[in-house]
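One-based numbering, in listed order, for ligands and for the atoms of each.
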Amino acid sequence: MSARGLLLQGGLVAGAGAVARADVLVVDGVIAEVGLDIDIPQGTTVLDTTGCVVGPGLVDLHTHLREPGNEESETIESASRAAALGGYTAIVAMPNTEPPCDSASVVADVLARARTASCEVAVAGAITVGREGRALAPMAEMAALGVTLFTDDGACVHDGDVMRRALEYAKGLSVTCAQHCEDPAIAAGGVMHEGMWSSMLGLPGQPTLAETAIVARDLGLVQLTGAPLHFLHLSAPESVRLVAAARGRGLPVTCEAAPHHLTLDDSECVRYDPRFRVNPPLRPTALVKELIELLRAGAIDAVATDHAPHASERKDVPFDEASPGMLGLQHALGLTVAALGGTEPGDVLALFGLLSRRPAAIARLREADERRAGHSAQGGDLAVGEVANLCVVDLDAPMVVTDQSIASRSKNSPYVGRTLPVTVRHTLLRGVPTVLDATAVR
Ligand code: DOR
C-alpha cells in the first residue's frame with residue numbers, strides 16, 4: 001500500500017485531551033487532516049475503523065531484542081513484527097545483548113540492523129562496561145548517536161557510588177538513567193517471590209525488599225545529584241509509593257510496571273511452569289491488586305513490556321534452572337485494558353498515556369529525533385502535521401492467544417490459551433501500514 005493517501009474512516013480519535021469521533025487523513029506519511037466530512041483526495045485508500053479507537057502508536061520502554069548474540073530466541077525483525085502486531089511503532093532495546101550495548105560501535109550496529117524493522121528501534125546504552133556494575137561505559141559516545149536512556153537492565157547497578165557517578169555523568173549529557181532495582185544480596189538467588197507459595201513449592205524466594213531497598217537508595221541519589229531517574233519494571237506497591245511520593249516532592253523520577261505484574265500472581269508457579277519465572281518475580285494477589293490500584297490512581301507513569309524471549313532450551317527446563325522472562329509486546333495493550341478495567345473516554349486517554357505518550361517522553365524520543373536523523377515523532381497528539389505513527393484498536397473484540405499467533409521466535413508466553421479483551425486492527429509506521437486487519441504486512 002502506498003504512503004501517498006490513506007483515510008482512517010469511522011473511528012474514535014484519542015487526541016491530546018479528548019476522545020472524539022473523527023476521520024484521519026494521512027498523506028505522504030503525515031497527518032493531513034482530522035475531522036468529519038473530509039474531502040477524500042483521488043487515489044486515497046480507505047481503511048474502515050468503525051468501532052475502533054485511533055491513537056498514537058504505542059512506545060515500549062523495555063524490549064529485549066536478543067540480537068546481536070541470541071538470534072535463536074529473537075531477532076530485530078521478529079521482535080519488531082510482534083511489536084507492530086501489538087500496536088507499537090517504537091521500542092527501546094535493552095542493552096543485555098551479546099555483545100552488550102556498552103559502546104558506540106555496538107549501538108551503531110544495532111541501529112543499522114534496525115533500519116528495516118517494522119517499528120522504530122531506539123537503543124538503551126549500558127551504564128557500565130559489560131553491564132558488570134564497575135566502570136562507567138562511554139556514555140557520551142553513545143549519547144552522540146542519539147542514545148537518551150542508559151541502564152544495565154537485567155542487572156542492577158548495585159554499587160551506590162557507581163550509580164551516583166552515572167547519574168552525575170548522565171545529568172551533564174542531558175540523558176536519563178534507568179535502574180533495574182534488585183539488591184543482589186537480599187535477592188540471594190531467589191527464583192520467585194518469597195512467601196507462602198515459595199515455601200510450599202520448596203523454591204528459594206526473594207522478598208519485595210530486594211526491590212524497594214534499591215528504590216529507596218536511588219531516590220536518595222536523585223536527591224543528591226538532581227539527575228532524572230526512571231525505575232524499571234516495579235513489582236512491589238511499596239516501590240511505586242516511594243517513587244510517587246518523591247515525584248510529589250519535585251524529584252525528577254518516573255516508573256513503569258509490566259503487564260504481567262498487573263495480571264498474574266505467584267500462585268501461577270504452582271505447576272513449576274517455567275513460563276511464569278520472571279524477574280522481578282510475580283507477587284501475591286494482594287500486592288497485584290494494590291499495584292492495579294496505583295496504576296488506576298496515576299502513580300505509575302508507564303506500562304512497559306519487559307519483552308523477554310527465551311528459546312526453548314532455556315525455558316523447557318526445571319523452574320529454578322529456567323531463564324527468567326516472558327514475551328510481552330504482542331499482548332501488552334489487551335493486558336493493560338484488562339488491568340485498567342474500563343473503556344470509557346477517560347480510560348482510553350489513560351491507556352494511550354501509559355503505553356505511548358508518557359513512554360515517548362520518558363525515553364526522550366523527540367530529543368533523540370533532534371540529535372539523530374531517522375526517528376520520527378512518537379507518542380503524538382494526532383495533530384495535523386505530525387508523522388502518522390498510529391495504532392487502531394478495537395476495544396471490544398476479544399482474541400485468544402495461541403502459539404501459532406505469536407510472531408516472536410520464542411513462544412514463552414504465559415498467556416497462551418487465555419482470552420484478551422481487545423484486538424489491534426491496524427498499525428501505521430510513518431503512514432505506512434505494518435499491520436492491516438490484525439495481520440502483519442511487512
Ligand atoms: O525476567 C527478566 N528477564 N527480567 C529482566 O530484568 C531481564 C529479562 C531478560 O533479559 O531475559
| task | State if R277 counts as touching ligand 1 under the rule of any non-hydrogen atom under 4.0 Å. | result |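 No, that is not the case, since the closest heavy atom of the residue is not under 4.0 Å from the ligand.
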
Does [X] approach ligand 1 within less than 4.0 angstrom via side chain, backbone, both or neither, non-hydrogen atoms only?
X    : answer
H233 : side chain
D306 : side chain
M94  : neither

Can you tell me which residue and heavy atom of the protein come closest to [atom], and the distance to 0.1 Å?
atom                    : value
atom 5 (C) of ligand 1  : N279 O, 3.6 Å
atom 3 (N) of ligand 1  : P324 O, 3.0 Å
atom 8 (C) of ligand 1  : H64 NE2, 3.6 Å
atom 6 (O) of ligand 1  : H180 CE1, 3.1 Å
atom 10 (O) of ligand 1 : N96 ND2, 2.8 Å
atom 9 (C) of ligand 1  : R66 NH2, 3.3 Å

Under a 3.5 Å cutoff, is there a donor and acceptor pairing between the side chains of [X] and [Y]?
X    : Y    : answer
T212 : E238 : no
S410 : S408 : no
R283 : S235 : yes
T254 : H230 : yes

| query | Rounded to the nearest 0.5 Å, what separation is found between the CD1 atom of I292 and the CG atom of L287? | reply |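 The distance works out to 11.5 Å.
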
| query | Can you name the closest pair of heavy atoms from V392 and C52 and give their distance? | reply |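 Nearest heavy atoms, V392 then C52: CG1-CB, 3.6 Å.
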
| request: Measure across L167 and V222 and return the closest heavy-atom pair with its distance rounded to 0.1 Å. | output: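 Where L167 meets V222 most closely, the heavy atoms are CD1-N, 4.4 Å.
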
| said: If you take the centroid of each ring, where Trp contributes its six-membered ring, are H233 and H62 closer together than 6.0 Å? | reply: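 They qualify: ring centres under 6.0 Å apart.
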
For ligand 1, which atoms have a heavy atom of [X] less than 4.0 angstrom away?
X    : result
G154 : 6 (O), 7 (C)
A308 : 3 (N), 8 (C), 9 (C), 11 (O)
G325 : 1 (O), 2 (C), 3 (N)
H310 : 11 (O)
V278 : 1 (O)

| Residues E77, R66: salt bridge by 4.0 Å N-O rule |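 Salt bridge: no.
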
| task | Please indicate whether D396 has more than 12 foreign heavy atoms, meaning atoms of other residues, nucleotides or ligands, lying under 6.0 Å from its CG. | result |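 No, the 6.0 Å shell around CG holds no more than 12 heavy atoms from other groups.
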
